[in-house]
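First up is the structure itself, then whatever we jot down about it.
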Amino acid sequence: MKIGVIGTGYVGLVTAVCLADLGHDVVGTDVVADKIDKASRGISHIYEPGLEELLKANLKKGNLNFTPDLDKAIQSSDVLFVSVNTPQKEDGSADMTFVEGVSRKIADNLNDYKVVVEKSTVPVKTSMWIKKTITLYKKKDVDFDVASNPEFLREGSAVSDFLNPDRIIIGVETEKARDILVKIYEKFKDRILVTNIDTAEIIKHASNSYLALKISYINLIAELCEKTDADVNQVAKGMGFDPRIGSQFLRAGLGY
Ligand SMILES: NC(=O)c1ccc[n+]([C@@H]2O[C@H](COP(=O)([O-])OP(=O)(O)OC[C@H]3O[C@@H](n4cnc5c(N)ncnc54)[C@H](O)[C@@H]3O)[C@@H](O)[C@H]2O)c1
């Protein structure tokens, strides 16, 4: 089974390198030729502890490649992880231009059954929208599945987060796609949660917004502390001893 990673930016490069390290045959592709050129030479365009070492090791093993040829990468892959950027627009909504561009490219190059996996952080129902786009524009009468596998890595510990995940969320609508994705993450089978696609997409947003909520909450408490003689750090420490609350993401400040 060959895996293609479309968009080898922060998430994509880590995904490509770590999936190769799990033993898969991976090809990474990006529209920015410099990123592909560097990655092909074992140079990471981002700094992440351990990433460049794993990149070099897996290039040497021969199961990790990079190409600027998006068409070829799509045609030669059985599973496509889409990890392109989804920047925020002025009105706060996600700019889906890159996801749409990739969906059209997949439609153009759909030569065999593939699973198209959404790894980017996207609005709920995006997988269904990708499915409609590919179905509308595909040139051959070939089957495909869409799936959602949101990414939870943190910048600064991305490799360790990917290789020691606290959970792998897999949103699918067919057994075939489920079996393929569960096999890819077989090493972490005790941490896999299989859901439908909408659920997987909402898990990502619910997790992000819950963490934001904790930081916002402690900042609100910090304002109260400033008006009294209370010390917000000790308040957070005191709250965090309660396992139902936990101590993480209770530090007042900018946070995100
Ligand atoms: N960075 C993080 O910590 C993080 C964590 C979890 C989720 N995410 C989400 O993952 C997604 C990617 O984030 P990122 O930080 O890796 O972004 P990024 O900007 O670093 O990488 C995106 C890459 O996609 C490439 N790209 C754009 N259009 C393309 C196309 N048509 N074909 C091929 N490549 C294309 C870009 O050139 C870029 O290299 C976003 O939705 C983001 O919200 C990011």
Side-chain angles (χ1 to χ4, degrees), residues 3-19 26-40 43-49 51 55 65-77 80-89 92-110 114 116-127 129-130 133-134 137 147-163 165-169 171 200-212 249 255-256:
I3 298 176
V5 177
I6 304 178
T8 51
Y10 216 107
V11 168
L13 186 62
V14 172
T15 301
V17 169
C18 291
L19 286 175
V26 181
V27 59
T29 185
D30 201 287
V31 281
V32 178
D34 185 54
K35 289 184 185 177
I36 294 302
D37 179 51
K38 281 200 172 101
S40 303
I43 301 165
S44 169
H45 67 85
I46 50 166
Y47 178 71
E48 267 300 327
L51 183 61
L55 169 64
N65 291 286
F66 294 91
T67 174
D69 188 339
L70 184 54
D71 297 337
K72 204 170 96 187
I74 295 169
Q75 287 164 19
S76 66
S77 299
L80 293 161
F81 282 84
V82 180
S83 47
V84 297
N85 35 333
T86 49
Q88 192 170 309
K89 290 201 283 194
S93 64
D95 182 347
M96 300 298 286
T97 314
F98 305 107
V99 175
E100 178 162 14
V102 168
S103 307
R104 295 282 291 265
K105 275 280 183 190
I106 294 173
D108 288 346
N109 290 285
L110 197 72
K114 296 181 198 302
V116 179
V117 188
E118 155 200 291
K119 198 115 190 78
S120 300
T121 303
V122 289
V124 181
K125 292 282 180 197
T126 295
S127 285
W129 176 73
I130 292 174
T133 306
I134 298 175
Y137 292 104
S148 166
N149 170 223
E151 184 50 63
F152 298 100
L153 61 75
R154 295 162 299 174
E155 295 188 5
S157 56
V159 171
S160 156
D161 287 347
F162 197 100
L163 294 175
D166 41 27
R167 81 283 216 200
I168 301 282
I169 305 295
E201 289 174 337
I202 289 191
I203 287 172
K204 173 64 181 168
H205 293 294
S207 302
N208 278 5
S209 53
Y210 188 75
L211 294 174
F249 278 74
Y256 61 94

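The structure displayed is predicted, hence computed values, not measured ones. Counting convention: from 1, in listed order, for ligands and their atoms alike.
- Side-chain atoms of Asp69 and Thr67 include no donor-acceptor pair closer than 3.5 Å.
- In summary, Arg104 and Asp108 do not engage in a salt bridge, as defined by a charged side-chain N under 4.0 Å from a carboxylate O.
- The residue from Val84, Asp161, Val31, Asn208 that puts a heavy atom closest to atom 11 (C) of ligand 1 is Val84.
- For ligand 1, one of its N or O atoms has an N or O atom of Thr86 under 3.5 Å away.
- The backbone N or O of Pro87 sits nowhere less than 3.5 Å from a side-chain atom of Asn85 that would complete a donor-acceptor pair.
- Remark: ligand 1 atoms within the under-4.0 Å shell around heavy atoms of Val32 are 37 (O).
- In this structure, atom 4 (C) of ligand 1 lies nearest to the protein heavy atom Val11 CG2, 3.5 Å.
- Heavy-atom proximity to Ser83, at under 4.0 Å, picks out these atoms of ligand 1: 12 (C), 22 (C).
- Within 6.0 Å of atom NZ in Lys72, 12 or fewer heavy atoms from other residues, nucleotides or ligands are found, so the atom counts as exposed in its surroundings.
- Of all the heavy atoms of Ala158, none lies under 4.0 Å from any atom of ligand 1, so neither backbone nor side chain is involved.
- Relative to atom 5 (C) of ligand 1, the option among Asn85, Leu153, Val102 with the closest non-hydrogen atom is Leu153.
- Between Glu118 and Ser127, the side chains place a donor N or O and an acceptor N or O closer than 3.5 Å (distance only, hydrogens not considered).
- The protein non-hydrogen atom at the shortest distance from atom 6 (C) of ligand 1 is Glu151 O, 3.4 Å.
- Closest to atom 1 (N) of ligand 1 among all protein heavy atoms lies Glu155 OE2, 2.9 Å.
- For atom 28 (N) of ligand 1, the closest heavy atom belonging to the protein is Phe98 CD2, 3.6 Å.
- Among all non-hydrogen protein atoms, the one lying nearest atom 7 (C) of ligand 1 is Thr121 OG1, 3.3 Å.
- Rounding to the nearest 0.5 Å places NE2 of His45 at 10.0 Å from CG of Leu55.
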For Lys204 and Glu151: C-alpha separation, side-chain torsions, deciding distance, then whether side-chain contact (heavy atoms from CB on, under 4.5 Å) applies.
CA-CA 8 Å; Lys204 173 64 181 168; Glu151 184 50 63; 5.5 Å; no
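- Residue contact annotation: Gly101 has no non-hydrogen atom under 4.0 Å from ligand 1.
- Screening Leu80, Val84, Ile130 against Val102 for a side chain to side chain contact (heavy atoms under 4.5 Å, CB included) leaves a single residue, Val84.
- At least one N or O atom of Asp30, backbone or side chain, sits closer than 3.5 Å to an N or O atom of ligand 1.
- Atom CD1 of Ile106 sits about 4.0 Å away from atom CD1 of Ile6, to the nearest 0.5 Å.
- The distance from ligand 1 to the heavy atoms of Ile6 drops below 4.0 Å at these ligand atoms: 32 (N), 33 (C).
- Counting only heavy atoms of the protein, atom 21 (O) of ligand 1 lies nearest to Gly9 CA, 3.2 Å.
- Proximity of Leu70 to ligand 1, defined as any heavy-atom pair under 4.0 Å, is confined to the side chain (atoms from C-beta onward).
- Here the CD-OG1 distance, from Glu201 to Thr121, works out to 10.5 Å after rounding to the nearest 0.5 Å.
- Residues Phe152 and Ile169 meet the side-chain proximity criterion, which asks for heavy atoms closer than 4.5 Å.
- Protein heavy atom closest to atom 20 (O) of ligand 1, with residue, atom name and distance, is Tyr10 N, 3.0 Å.
- At a 3.5 angstrom cut-off on N or O pairs, Lys35 counts as close to ligand 1.
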